[in-house]
Amino acid sequence: MNKKAIITSALPYANGEIHLGHVASTYLPADVTTRFLKLNGVEAYYVCASDDFGTPILIQSEKEGKTPAEYVAHWNKRDYEDFSAFNIEFDYFYKTSSPENIAFVQDVFTKLNDAGHIYEKEIIQFYCNNDKKFLPDRYVKGMCPYCKAEDQYSDLCESCGRVPDEITDPKCSLCGQPPTKEKSKHYFFKLKNFGDSLGKWLDENEHLQKDVKKYVQNWIKSGLIDWDITRDISWGVPIPLEDTKGKVFYGWFDNHLAYISTAIKFLNDKGIDGKEFWNSADIYHFIGKDIVYHHFLFLPAMRLGLDSEYKLPDYIPTRGHLTLESKKISKSRNWYIGLKEFLGYYPADYLRYYLVAINPYSQDDLNFDWNDFATRINSELIGNLGNFVNRALGFTKKAFDGEVPEPESFDDKDSETEQKIKDLAADVGSLMEQNHLDRALKKIMEFSSYFNQYFQHKEPWKKGPGTASCVFLSVNAVRSLAIAIFPFIPESAQKIWQQLALDGNVSELEWNEMSVLGISSGHILGEASPLFAKVEESEIEKYKKQLEPSEEK
RNA sequence: AGCGGGGUGGGGAAGUCAGGUCAUCCCGGCGGGCUCAUAACCCGCAAAUCAGUAGUUCAAAUCUACUCCCCGCUACCA
């Protein structure tokens, strides 16, 4: 395992609140992975930033009568607060509009330009004579030429999902006037040049998911198209060339560069050579499947265009989208649950547990279902794990006054049980390393379940022979569980740690410590109390009702 | 249309890459047990010709071909 790592997750676009879908596919898996790496002694840093530029933000800030800078500052702060409440622990959360990123983007552009990967081309753009501005992407609305739906954006029809070549009956989305067509000079990145080297990189990188690779390689085979990297708006990274007034870089040119610029800024501030660290670390970019194109083509192509001055990613864990009660999440139809809202109902660990448990390491969509949530929390988190912790510690309290007894000689069952503890770190660890967080979590639950059986089988409450060994091993298993479960549900892990009356924080331990019998006889436990409260059906029904779509479409 | 992913007991999933030791896990149902534990926990039972058809093989949920369904993506959408 590389002892250095930089972890990023897709940047939250600074124009709305974080919802369950965001955290499920990217932020939570990234956070769990980072915590795991840190326990393994990896110098791992999880960096992220708000994605501040672009047309939708500009339009929305204009509507709200704010400057775009004010507008994104608000969302940057709010997103960070929401993430923190969910125990997504960034080492650094910055923004794409930072001076460091702007300078970095301009530098990258200059280098790509010098290397001959950029060219200028005149294109025809919509222009509004009334508002005196060019109208890229979402500034133009009209009728979808395919399904004839009215009032659709020029870059995407939400009704049929297609991308119109040219929208019918175009109107400026600001004033409603029909725009005219004007020439505008844009810069293009020669993505075409990188087909072969991208293909080679994809072939050689063994960590990338096979299905995603295949998908991207098909795109490459069908021929890449050069990429328009500029826009005629005012809110973005300025182009470092003469005669480019009123133009900025397109958001997808600058935002992923913030992975690098933010990491380097953070590391340099810490007194570490950021660039050197970047190039010697394992690089992880956690993303949702909607931005595969950008992360498997644009991002690596740009780095290749700089002769890999900054290392290409080693891992791009790509996960599917979250559906809600089997329907697509949609803010405009009120079919979504905000992260902040959810955390008002249940502890962060409930959601962390559930979202990891249902989330495979693949592009498959996953579904949030309120009833399923209640069942899994009640039966798995509480009935299995919470119950074992509570009965093991509670019993020790009752029968031995909280003092861990001296074990007797182990019988076969005890030895088998001890072996379970010794195998745990490797069993769970190998799954974690392969990014199978859901399976790793399941493995931990199996471990807990095994101990429920063991405890039952030994019947220590009858105080027969073997009682002391059973209690001794069970208490140690609780300690192992606390360490193993920490990356997933850190607050609860720490609670267990306190009930065990062990020093320090779980986060400071080594991963392999979970396979050691770290509690000796004579150790005095702390107070034992239930870790979790049940999810009540009546509550669930209430939250379900709040989901009723405000307006059917 | 192209590409990708699926169809496994009542519900939800794993297993398919490396064929046999595979039909597993969770929920639900039924019956029993325990009382340390949040009506939690433990044991047992019922229930699947692993979408269909044909093939390869001593052996197929797993490989091949075809068919029928479902879902996703398709580039400037952040």
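Within every chain, numbering begins at 1; the chains are lettered A, B, ... in the order of the sequence lines, protein sequences first and strands thereafter.
- Ring planes of A/Y259 and A/H256: tilted class, angle from 30 to 60°.
- B/A48 and B/C25 have their C1' atoms separated by 15 Å, given to the nearest Å.
- With rounding to whole Å, A/N359 atom CG is found 14 Å from B/A13 atom C1'.
- A heavy-atom distance below 4.0 Å to RNA chain B is reached by these residues of residues 527-537 of chain A, ordered by number: A/P530, A/L531, A/F532, A/K534.
- Both A/D365 and A/N390 lie near RNA chain B, and the one whose nearest nucleotide falls closer to the 5' end is A/N390.
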Task: Structure string for RNA chain B in dot-bracket form, Watson-Crick and G-U at under 3.5 Å, | interchain - done: ((((((((.[[[[.)....(...]]]].(((((.......))))).....[[[[[..)....]]]]])))))))....

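- Between B/C66 and B/G72, the two P atoms lie 25 Å apart (nearest whole Å).
- Atom-to-atom, CD of A/E446 to C1' of B/G15 comes out at 13 Å; the value is rounded to the nearest Å.
- Residue pairs satisfying the side-chain hydrogen bond (donor to acceptor under 3.5 Å, both in side chains) criterion with at least one member in residues 15-27 of chain A, sequence neighbours excluded, are listed as follows: A/E17-A/R78, A/E17-A/Y336.
- Comparing B/C34 with B/A39, their C1' atoms sit 13 Å apart, to the nearest whole Å.
- Checked against A/I358 for a side-chain contact (heavy atoms from CB on, under 4.5 Å), the options A/N367, A/D372, A/D369 give a single hit: A/D372.
- Partners of A/E64 under the salt bridge (charged side-chain N to carboxylate O under 4.0 Å, His left out) rule, at least two apart in sequence or in another chain, are A/K66.
- A/K413 places its NZ atom 12 Å from the P atom of B/C42, with the value rounded to the nearest Å.
- Taking the P atom of each, B/A1 and B/G20 are spaced 36 Å apart, rounded to whole Å.
- With C1' as the reference atom, B/A61 and B/G9 are 14 Å apart, rounded to whole Å.
- The gap from the C1' atom of B/C50 to that of B/G31 amounts to 28 Å, rounded to the nearest Å.
- Straight-line distance from the CG atom of A/N387 to the P atom of B/A40: 10 Å, rounded to whole Å.
- Between A/R439 and B/G15 there is a side-chain polar atom (N or O) within less than 4.0 angstrom of OP1 or OP2.
- Formation of a donor-acceptor pair under 3.5 Å by the A/D226 side chain with backbone atoms of A/F188 is not found in this model.
- Side chain of A/T467 to main chain of A/G464: a donor-acceptor pair is present (N/O by atom type, distance under 3.5 Å, no hydrogens or angles).
- Protein atom NZ of A/K289 is 14 Å distant from nucleotide atom C1' of B/C3, rounded to whole Å.
- A/L393 comes within 4.0 angstrom of nothing in the nucleic acid, heavy atoms only.
- Looking at residues two or more places apart in sequence or on another chain, you find a salt bridge (charged side-chain N to carboxylate O under 4.0 Å, His left out) between A/K185 and A/E120, A/D243.
- Take A/D349 and apply the salt bridge (charged side-chain N to carboxylate O under 4.0 Å, His left out) test, not counting sequence neighbours, and it matches no residue.
- A straight line from CD1 of A/I225 to P of B/U74 spans 14 Å, rounded to a whole angstrom.
- Atom pair A/D232:CG and B/C76:C1' shows a separation of 14 Å (rounding to whole Å applied).
- Side-chain atoms of A/E416 and A/Y450 form a donor-acceptor pair, as typed in the model, at a separation below 3.5 Å.
- Residue pairs meeting the salt bridge (Lys or Arg N to Asp or Glu O under 4.0 Å) criterion with at least one partner in residues 528-538 of chain A, sequence neighbours excluded, do not occur; the list is empty.
- Nearest to the side chain of A/F455, among B/C36, B/C42, B/C76, sits B/C36.
- A cation-pi arrangement is present between A/R231 and A/Y250 under the rule of less than 6.0 angstrom and at most 45 degrees off the ring axis.
- Under the ring-ring contact (aromatic ring centres under 6.0 Å, His included) criterion, A/H207 pairs with A/Y315, sequence neighbours left out.
- When rounded to the nearest whole Å, the span between CG of A/D290 and P of B/C76 equals 14 Å.
- Within the 4.0 angstrom heavy-atom criterion, only backbone atoms of the sugar-phosphate kind lie near A/G383; the bases stay farther away.
- Evaluation of the salt bridge (charged side-chain N to carboxylate O under 4.0 Å, His left out) rule for A/K462 yields A/E459 as partners, not counting sequence neighbours.
- Straight-line distance between the C1' atoms of B/U16 and B/C22: roughly 12 Å, to the nearest whole Å.
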Could you go through residues 474-482 of chain A and list every donor-acceptor pair under 3.5 Å that involves a side-chain atom there, pairing it with any protein atom two or more places apart or in another chain?
residue: A/S474; atom: OG; partner: A/C470; partner atom: O; Å: 2.7
residue: A/N476; atom: OD1; partner: A/G518; partner atom: N; Å: 3.0
residue: A/N476; atom: OD1; partner: A/I519; partner atom: N; Å: 2.8
residue: A/N476; atom: ND2; partner: A/F472; partner atom: O; Å: 3.1
residue: A/N476; atom: ND2; partner: A/I519; partner atom: O; Å: 3.1
residue: A/R479; atom: NH1; partner: A/E513; partner atom: O; Å: 3.0
residue: A/R479; atom: NH1; partner: A/V516; partner atom: O; Å: 3.1
residue: A/R479; atom: NH2; partner: A/E513; partner atom: OE1; Å: 2.3
residue: A/S480; atom: OG; partner: A/N476; partner atom: O; Å: 3.1
residue: A/S480; atom: OG; partner: A/M514; partner atom: O; Å: 2.7

Please write out each protein N/O paired with an N/O of nucleotides 4-11 of chain B under 3.5 Å, distance rounded to 0.1 Å.
residue: B/G5; atom: O2'; partner: A/D364; partner atom: OD1; Å: 3.4

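- A donor-acceptor pair is defined here as one N or O able to donate and one able to accept, closer than 3.5 Å; no such pair exists between the side chain of A/W227 and the backbone of A/K192.
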Protein-nucleotides 26-34 of chain B N/O pairs under 3.5 Å:
residue: B/G33; atom: N2; partner: A/Q456; partner atom: NE2; Å: 3.1

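- Across the P atoms, B/A13 and B/U8 are found 9 Å apart, a figure rounded to whole Å.
- When heavy atoms are screened at a 4.0 angstrom cut-off, A/F395 is found touching the sugar-phosphate backbone but no base atom.
- Checking B/C76, B/C41, B/A37 against every side-chain atom of A/W227, the shortest atom distance belongs to B/C76.
- Below 30°, between 30° and 60°, or above 60°: for A/Y345 and A/W370 the angle between ring planes is between 30° and 60°, a tilted geometry.
- With B/U38, B/C25, B/G72 as the candidates, the nucleotide lying closest to the side chain of A/K442 is B/C25.
- Nucleic acid contact class of A/N452 (heavy atoms, under 4.0 Å, all strands): sugar-phosphate only.
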